Amino acid sequence: MATLDANAESKPSATLIVTNAAVYTVDKQQPKAEAVAVIRDRIVAVGSRADIDLWRGPQMKVIDAGGKLLLPGFNDAHVHFIQGGAQLDQVQLTEAATPAKALVDGVTGDTPIFVERYDGHEALANSAAMKLAGIDPKTPDVAGGVIVRDASRNPTGVFKDAAMPLIYKAIPPMTHEQRLRAARAAVKHAASLGVTSVQHMNPEFADVAAYSELAEKGELTTRIYAVPMETDWRDQAKVGIRRAWGSSYLRLGAVKGYADGSLGSRTAYMFEPFTDDPANRGLLSDEMHPPSAMRDRLMQADAAGLQLRVHAIGDRAISMMLDIFGDIEKEHGYHDQRFAIEHAQHMAQKDFERFAKLHVIASMQPYHAIDDGRWAEARLGHERARYSYAWRSFLDHDVTLAFGTDWPVAPLDPILGVYAAVTRATLDGKNPAGWIPEEKITLSEAIEAYTMGAAFAEFQEREKGSISPGKLADMVILTDNIFELKPEAIRNAKVKTTILGGKVVYGEP
Ligand SMILES: [Zn+2]
C-alpha cells in the first residue's frame, strides 16, 4: 500500500511564476491579471500578485516581468515553415530592384541557385542552374509563364509562373538533413518573434518527418499543425488520421487545397475582369478543373474526418468554394468541421452571410493588406476594393478570424500583422489613416484573431489561445505595452521573452 508523505495534502507548488506583469489573457472570464502560476507545461492559476504568491515553492523559477505586457503566445494560422526556414540562409534579394543572372554569377560560380521572388511568382536562376536544367536560347516559351530574354533571345535568368518548373525539375528534393536544418532555423526565428504555434500549409510528408524527429529530441520549440495537400487526402485517411490528431507539439488531420491564384499575378479568379486588364478574370487552379473533381475529393476527405482548408483569393473563387462547402454540409450535416478559406481576400458583399451561415473560418494575413494595398485598387477599382481584407465585415457577421502571415511570402513577425490590422496604413505611407478604414479592427480583436481565433482554426481552443488555468503555458512578454501606444507605434514593439510549455525558449527573463 502506498503511504502518504507529509506534503501530500498541501497544494502542489508552481514550477514557474511570471509576476509583476500586465497580463492580457484573451480570456473573457478574466481579461486582465498581474501574475501567472505554471506547473510543468500547464497554467494553473492567473490572478493578482498576492494570489499567485500562494503557489510559490522550493523548485521554482520566477520571472519578474517588470510591469511589461504578457500575452498568450501567437499562433500563425498559415505558414510555409520549412521553406521559410530554408530561406533564412539563402541569398537575400529583397532589396534588389531588377536582378538578372549577370548580377549573381560572379559570387555564385558553379553552384546552381534559383531564388524565388517574395510572392513565389517569379524566380532568378544563375548560369549554373540554367546549364543544369538544359536551358539555352533555343528553349521554347511556355504557356502561362515567361522566360525573360535579352535582345538576342538569351534567357536572362528570370523565370515567371509556369516557366519556373523548367528550373525546379533540375533541383533535387531537399535531403532530410537540409529539412532538419531549415526546421531548426524556423523554430528559432519563430521563438524570437513570440510565435509559439504555426499551421504549416502544404508541407511535404518529408517535412513532417523532420518535425517528428525534432519533437522526439525535444527541439521542437514551435507547436506545429501540418496541413498537407488535399490531393493527397488518402495518405492521412488510410491510417485513420482525423482532424487535429497528434500531440501538443505536432498534429495532422487537415488538408489544404487551392481554388485560384493571386491578385499580384492577376490569377485571382474574379466575377468581373481586372480593372487594369479588361480581358482577364483570373484563373482557377488545376485542382478546380473541373470544380466537381475538387468537390468530390473534399467530400471524401470530410467523410474521413479531415478538416478542409482551401486557398481562395478572388471573389468568384471564394463563392465557388462556399458552394462546395455548402454541398458538403448538405450531404454530411454540420458537425463542427471548421471549414476554412485561406486568404479570403476579395469578397463579394453578398457572400458574407453565407460565409457565416456555413461556419467557415476566414484565415487571413493582415500584412498583405498594407503591402498589396499600395496597388490593389488599380487592379480592382474602388467599388470592389471595398470588401478587400474585410476584417470588420467578417467580425460583424460573427465569422471567426484566424490570423497569420503566409511566411515566407510576408514576414513572420505577428506584431506587424497586428499593426496592419489596426491601422491599415499601407507600406508606401500614402494611407496614414488607413486604406479602406471601415475595415480596421481593434487591437483586442487583432490579438484575439492571432491567438484564440488561430487556436480555434486548429481545434485547439481548449488547449491554447488564452492565458487560462488548465491551458498550455505558451506566453510572450513584449518590450512595450501596445495597448498604451499610438497605433502607428505598435510596429516598434519587440519580444522580450517567449515561453513555451512553461520553458523560456527565447530571451532573458
Ligand atoms: Zn500560403
Side-chain angles (χ1 to χ4, degrees), residues 74-88 90 94 116-123 161 164 168 182-183 186 189-190 193 195 197-205 207-208 211 222 224-232 252 254-269 282-288 294 307-314 317-318 321 339-346 360-372 376 388-389 401-414 416-417 420 449-450 453-454 457-458:
F74 290 101
N75 183 339
D76 191 313
H78 186 128
V79 294
H80 303 279
F81 210 51
I82 298 282
Q83 291 92 319
Q87 266 190 30
L88 289 173
Q90 273 179 5
T94 321
E116 274 187 28
R117 198 172 75 158
Y118 68 92
D119 68 357
H121 290 280
E122 181 173 321
D161 290 305
M164 292 164 60
Y168 277 121
H189 187 55
L193 298 170
V195 175
S197 291
V198 297
Q199 301 175 38
H200 182 165
M201 298 295 134
N202 313 111
E204 295 180 40
F205 285 100
D207 296 338
V208 181
Y211 294 142
T222 315
I224 315 263
Y225 186 40
V227 186
M229 275 300 287
E230 60 86 13
T231 45
D232 297 332
L252 282 159
V255 291
K256 157 85 188 314
Y258 287 89
D260 66 344
S262 74
L263 187 69
S265 60
R266 295 190 185 84
T267 47
Y269 194 55
L283 286 174
L284 285 175
S285 67
D286 289 349
E287 295 161 66
M288 289 287 275
M294 173 77 108
Q307 186 194 14
L308 310 179
R309 303 182 61 157
V310 181
H311 163 125
I313 286 184
I318 295 169
M321 282 317 305
F339 302 131
I341 290 189
E342 301 296 322
H343 311 303
Q345 263 173 224
H346 310 293
V360 179
I361 296 162
S363 171
M364 303 181 72
Q365 302 76 36
Y367 185 86
H368 289 346
I370 60 170
D371 191 352
D372 300 2
S388 291
Y389 311 93
L401 280 183
F403 274 172
T405 57
D406 209 3
W407 185 58
V409 176
L412 185 62
D413 185 354
L416 287 177
Y450 232 126
E458 56 158 329

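As the structure lists them, so they are numbered: ligands from 1, and atoms in each ligand from 1. The structure displayed is predicted, hence computed values, not measured ones.
With 2.8 Å as the limit, His311 does not count as an N, O or S neighbour of the Zn ion (ligand 1). Look at His343 and the Zn ion (ligand 1): no N/O/S atom of the residue is under 2.8 Å from the metal. Among the atoms of Asp406, an N, O or S atom is found under 2.8 Å from the Zn ion (ligand 1).
Judged purely by atom type and a 3.5 angstrom limit, Asp260 has no side-chain atom pairing as donor or acceptor with the backbone of Ala317.
In summary, the side chains of His343 and Gln365 do present a donor paired with an acceptor at a separation below 3.5 Å, with no hydrogens or angles considered. If you check the side chains of Tyr258 and Asn202, you find a donor sitting under 3.5 Å from an acceptor.
Aromatic rings from His346 and Tyr389 are positioned such that their centres are separated by under 6.0 Å.
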